[in-house]
Enquirer: 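Questions regarding the structure given below will be posed in turn.
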Protein chains: 2
Amino acid sequence: MPASERPPAPERIPAAERREQILAAASRVFGEHGYAGATTDQVAQAAGISQPYVVRMFGSKENLFLEVLQRALHRLLDAFRVTLADGADEDAATLGQRLGEAYADLITDRGILLSLMQAFLLGNDPAIGAAARSGMLEVYRLLREEAGLSAESTVDFLAHGMLFNTLVAMRMPDDLERGDAAATELLQCSFRSKLDLVLGAMSRGAE
Amino acid sequence: MPASERPPAPERIPAAERREQILAAASRVFGEHGYAGATTDQVAQAAGISQPYVVRMFGSKENLFLEVLQRALHRLLDAFRVTLADGADEDAATLGQRLGEAYADLITDRGILLSLMQAFLLGNDPAIGAAARSGMLEVYRLLREEAGLSAESTVDFLAHGMLFNTLVAMRMPDDLERGDAAATELLQCSFRSKLDLVLGAMSRGAE
DNA sequence: GATTGAGGTAATCGGATGATTACAAGGGGA
DNA sequence: TCCCCTTGTAATCATCCGATTACCTCAATC
């Protein structure tokens, strides 16, 4: 039989590397559609593999989401810690601004902040809700104890982060092109210097 | 045949009234589980009727969610307008605080703020995303034009509203009973005077 | 060259779920 | 009385989706 009749052999990749590919793909898919709205087949297609492989590697869809959540939290905490190490002994105001920039930088991988946000809305799910609460508190403690922000500053910081996530999740920047005055003002005042970064990341993400 | 063998006739209620019952039930169910995670059967059971009746009255699950979203937006805008009418000619600070209280009061019906928040995360859905963006801008315009807040104050207000929604959605107040120091501080600083209101509403909602 | 374990898929199953259909019962008007 | 509109349900359908099973195929090792 001629070789052309046989389908090309699938690319074989070490499990650890494949795992990270799947997690990255799952972050995007879960971030866009939410936990319940996303399917393991969408994740598989985004990662370029078959659906059963996704399920087998992570055991279950819920488990996959939990690992996506842990990965997102880890990236977020890492980004903050790098920022803290970079500029020690700053005053609270500049530190807050630089943390905000580090946070906004995470948007270059849209999946991270969006799947985090999706997890936050799943408080009713026993496993996911517990992990989400624990993660939020971990972030809070980092800002309070390691960064040394006051309770008020920390809450302010978190609040603007949640608005940031929400505006990105609802694809509000898409309205910018429609020239809506309120949308323009809201986005400019929310994102400030990070507006260009966000716009770039979102138009790239649309493909 | 004895009457006891026949099932009791279902209660007949005017369509308009039944409609509101379903919308109220759907708000709670969608708020807890999200759009994709909720089922029309859960809504039906919460409203005390059969699943086909839910679908037939609203045409489709998506349509039901869109009406839940409009209802939530309407309640929110109404609450703000009542607050504005109540205390005209206040300074910006007190007005902002009173609007915040009006917002927090909506938590007595948990479904409103949570289904709103769920809609915000569905920016990728064509119909729901468009309605969510339009709703957010309507709120923004009310705060800017009717309430007369500055752009900065409005964004601050929205940011703390999003944090409020997020903490409620993730059931963070449940952690209060575990005595976690970070959770206590975060909640006290986020909710302030509204903490008792929120705790009351959430323990009542748990049933 | 045989063996074996790791990386991967095709086929399929079973349950869940949104939607449709057909039907029932009550009640008000002609 | 008869009709028919409104309010409602039971039964069922078609589809989707997560999970399982069985199998394939390299590459390294002996």
Side-chain angles (χ1 to χ4, degrees), chain A residues 1-26 29-30 32-68 118 122 124-125 127-128, chain B residues 1-23 25-26 29-30 32-68 118 122 125 127-128:
Chain A
M1 126 180 28
S4 63
E5 283 187 6
R6 219 189 312 168
E11 216 180 337
R12 288 170 70 95
I13 288 179
E17 192 177 333
R18 192 62 98 179
R19 196 181 175 81
E20 171 56 25
Q21 283 182 3
I22 300 179
L23 283 174
V29 174
F30 281 133
E32 275 186 17
H33 302 100
Y35 172 63
T39 74
T40 54
D41 193 60
Q42 287 174 315
V43 173
Q45 279 185 257
I49 57 173
S50 69
Q51 179 261 348
Y53 197 19
V54 172
V55 173
R56 203 185 51 182
M57 179 161 285
F58 291 91
S60 70
K61 181 186 176 183
E62 180 178 59
N63 225 301
L64 171 59
F65 186 80
L66 285 172
E67 296 220 25
V68 164
Q118 296 283 357
L122 289 176
N124 288 278
D125 182 286
I128 299 177
Chain B
M1 137 183 15
S4 61
E5 282 186 9
R6 218 190 312 167
E11 216 180 335
R12 287 171 70 94
I13 289 180
E17 192 178 333
R18 190 64 97 180
R19 197 181 175 80
E20 171 56 25
Q21 283 182 3
I22 300 179
L23 283 173
V29 174
F30 281 133
E32 275 185 19
H33 303 100
Y35 172 62
T39 73
T40 54
D41 194 59
Q42 287 174 316
V43 173
Q45 278 184 258
I49 57 173
S50 69
Q51 180 261 348
Y53 196 18
V54 172
V55 174
R56 202 184 54 183
M57 180 161 282
F58 291 91
S60 69
K61 182 187 176 183
E62 181 177 57
N63 225 302
L64 171 58
F65 186 80
L66 285 171
E67 295 220 26
V68 164
Q118 297 284 356
L122 288 175
D125 182 286
I128 298 177

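Side chains included, hydrogens not; waters and symmetry mates left out as well; all remaining heavy atoms used. All chains are named by letter (A, B, ...) in the order of the sequence lines, taking the proteins before the strands, and each is independently numbered beginning at 1. Just so you know, these numbers come straight off a predicted model, no measurement behind them.
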Enquirer: Please report the distance, rounded to the nearest Å, between CD in B:Gln21 and P in D:dT7.
Expert: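 In whole Å, D:dT7 P lies 13 Å from B:Gln21 CD.
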Enquirer: Check whether B:Gln42 reaches the backbone of B:Thr39 with its side chain - one donor and one acceptor, N or O, closer than 3.5 Å.
Expert: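 Checked: pair present.
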Enquirer: Using atom CD of B:Glu11 as one end and atom P of C:dG27 as the other, report the distance to the nearest whole Å.
Expert: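 It works out to 13 Å between those atoms.
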Enquirer: With a 4.0 Å cutoff (strictly under), does any side-chain N or O of A:Thr40 reach OP1 or OP2 of D:dG18?
Expert: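 Answer is yes, contact under 4.0 Å.
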Enquirer: Base, sugar-phosphate, or nothing: which does A:Ala38 touch, judged by heavy atoms less than 4.0 Å apart?
Expert: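 Sugar-phosphate contact only.
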Enquirer: Would you call the rings of A:Phe65 and A:Tyr35 parallel, tilted or perpendicular if under 30° counts as parallel and over 60° as perpendicular?
Expert: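 If you compare the ring of A:Phe65 with that of A:Tyr35, the planes turn out tilted.
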Enquirer: Is there a donor and acceptor pair, one atom on the side chain of B:Arg56 and one on the base of D:dG8, closer than 3.5 Å?
Expert: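 Answer yes: a donor N or O sits under 3.5 Å from an acceptor.
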Enquirer: How long is the line joining CG of A:Asn63 and C1' of D:dG18, in whole Å?
Expert: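 Spelled out: CG on A:Asn63 to C1' on D:dG18 is 14 Å.
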Enquirer: Of all the choices, C:dA19, C:dT9, C:dG7, which nucleotide is nearest to the side chain of A:Ser50 once you look at every atom?
Expert: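 Comparing C:dA19, C:dT9, C:dG7 against the side chain of A:Ser50, the answer is C:dT9.
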Enquirer: What integer distance in Å separates B:Phe58:CZ from C:dG18:C1'?
Expert: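 Distance check: B:Phe58 CZ to C:dG18 C1' gives 15 Å.
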Enquirer: Which of the following nucleotides, D:dT25, C:dA10, C:dT21, is nearest to the side chain of B:Pro52?
Expert: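 It is C:dT21.
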Enquirer: Below 4.0 angstrom from OP1 or OP2 of C:dG8, is there any side-chain N or O of A:Tyr53?
Expert: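 True: A:Tyr53 side-chain N/O within range (under 4.0 Å) of C:dG8 OP1/OP2.
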Enquirer: Grab the CE-P distance between A:Met57 and D:dG18 for me, whole Å please.
Expert: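 Atom-to-atom, A:Met57 to D:dG18, this comes out as 18 Å.
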Enquirer: Can you see which heavy atom on B:Asn63 is nearest to which on B:Phe58, and at what distance?
Expert: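 It is CB-O, 3.1 Å.
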Enquirer: For B:Phe30 and C:dG18, give me the distance from atom CZ to atom P, rounded to whole Å.
Expert: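 Going from B:Phe30 (CZ) to C:dG18 (P), I get 8 Å.
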Enquirer: Are OP1 or OP2 of D:dG8 and a side-chain N or O of B:Arg18 less than 4.0 angstrom apart?
Expert: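 B:Arg18 to D:dG8 OP1/OP2: side-chain N or O found under 4.0 Å.
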Enquirer: What is the distance, to the nearest angstrom, from the CG atom on B:Asp41 to the C1' atom on D:dT12?
Expert: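 Rounded to whole Å, this separation is 15 Å.
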Enquirer: Which pair of heavy atoms, one from B:Ala25 and one from B:Val43, lies closest together, and at what distance?
Expert: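 Where B:Ala25 meets B:Val43 most closely, the heavy atoms are CB-O, 4.0 Å.
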Enquirer: Between A:Gln21 and A:Ala47, what is the shortest heavy-atom contact and its length?
Expert: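 Residues A:Gln21 and A:Ala47, closest heavy atoms: OE1-O, 4.1 Å.
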Enquirer: Counting the atoms with a prime plus P, OP1 and OP2 as sugar-phosphate, which does A:Thr39 contact under 4.0 Å by heavy atoms, base, sugar-phosphate, or nothing?
Expert: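 Result for A:Thr39 = sugar-phosphate.
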Enquirer: Side chain of A:Gln51 only, heavy atoms from C-beta on: which candidate in C:dG8, D:dG18, D:dG8 is closest?
Expert: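 For A:Gln51, the side-chain atoms sit closest to D:dG18.
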Enquirer: Find the distance A:Arg12:CZ to C:dT9:C1' and express it as a whole number of Å.
Expert: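 Value for this atom pair: 12 Å.
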